[in-house]
Amino acid sequence: ISKHKGVEGIIICDRQGIPVKSTITDEDKAYLYTTGVVKFLNKCTDKIRTIVPEDMNLIRIRAKTDEILIAPQGDLILIVVQKPLATN
């Protein structure tokens with residue numbers, strides 16, 4: 001995954017937001033991503049389950065500067081941070 005074009009970092013964290021493994025060398029930045037993702041998942045999981053009762057496999061959040069892919073699996077969460085590809 002880390003060799004794909006635009007990927008800036010990969011983080012694997014637990015459900016409390018504690019990074020287990022990370023390719024992001026800035027620990028503060030990795031912590032901000034993990035805590036933000038965990039808060040987001042805790043708030044939106046119940047709402048999404050009312051619409052789609054199946055388990056979530058992938059959530060994609062895209063902004064102008066970054067794109068975050070979130071894949072919750074059991075007790076762990078995979079977070080991929082990448083630059084969005086320009087679409088003209």
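Numbering of residues begins at 1 and proceeds along the displayed sequence. Scope of the values below: all heavy atoms of this structure, side chains included, with no hydrogens, waters or symmetry mates.
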Inset, instruction - Report whether Val20 and Tyr31 are members of the same hydrophobic cluster (ILVMFWY, side-chain heavy atoms less than 4.5 Å apart, transitive linking). - result: no
Legend entry - Considering all heavy atoms, the nearest Glu67-Pro84 contact: N-CD, 4.0 Å
Inset, instruction - Could you verify whether a donor N or O on one side chain and an acceptor N or O on the other, from Gln82 and Glu8, lie under 3.5 Å apart? - result: no
Legend entry - Taking every non-hydrogen atom, the tightest pair across Val38 and Asp14: CG2-O, 4.1 Å
Inset, instruction - Tell me whether Leu32 is reachable from Ile79 by hopping between hydrophobic residues (I, L, V, M, F, W, Y) whose side-chain heavy atoms are closer than 4.5 Å. - result: no
Inset, instruction - Considering non-hydrogen atoms only, spot the tightest contact between Arg15 and Leu41 and give its length. - result: NH1-CD1, 4.4 Å
Legend entry - Distance, nearest 0.5 Å, that separates CG of Asn57 from CD1 of Ile70: 13.5 Å
Legend entry - hydrophobic_cluster_shared for Ile18 and Phe40, side chain cutoff 4.5 Å: no
Inset, instruction - Could you walk me through whether Ile61 and Ile59 pass side-chain contact (heavy atoms from CB on, under 4.5 Å), step by step? - result: CA-CA 7 Å; Ile61 302 171; Ile59 299 172; 4.2 Å; yes
Inset, instruction - Working to the nearest 0.5 Å, report the span between CG of Leu76 and NZ of Lys21. - result: 12.5 Å
Legend entry - More than 12 heavy atoms of other groups within 6.0 Å of Lys83 NZ: yes
Inset, instruction - List the steps, then state whether side-chain contact (heavy atoms from CB on, under 4.5 Å) holds for Tyr33 with Asp66. - result: CA-CA 12 Å; Tyr33 279 118; Asp66 289 325; 3.5 Å; yes
Inset, instruction - Please say whether more than 12 non-hydrogen atoms of neighbouring residues, nucleotides or ligands are located less than 6.0 Å from CG in Asp26. - result: yes
Inset, instruction - Can you see which heavy atom on Pro19 is nearest to which on Ile11, and at what distance? - result: CB-CG2, 4.3 Å
Inset, instruction - Quick one: pull up CD in Gln16 and OG1 in Thr35 and give me the separation to the nearest 0.5 Å. - result: 13.0 Å
Inset, instruction - Please determine which of Val80, Leu69, Thr23 meets the side-chain contact (heavy atoms from CB on, under 4.5 Å) test together with Val7. - result: Val80
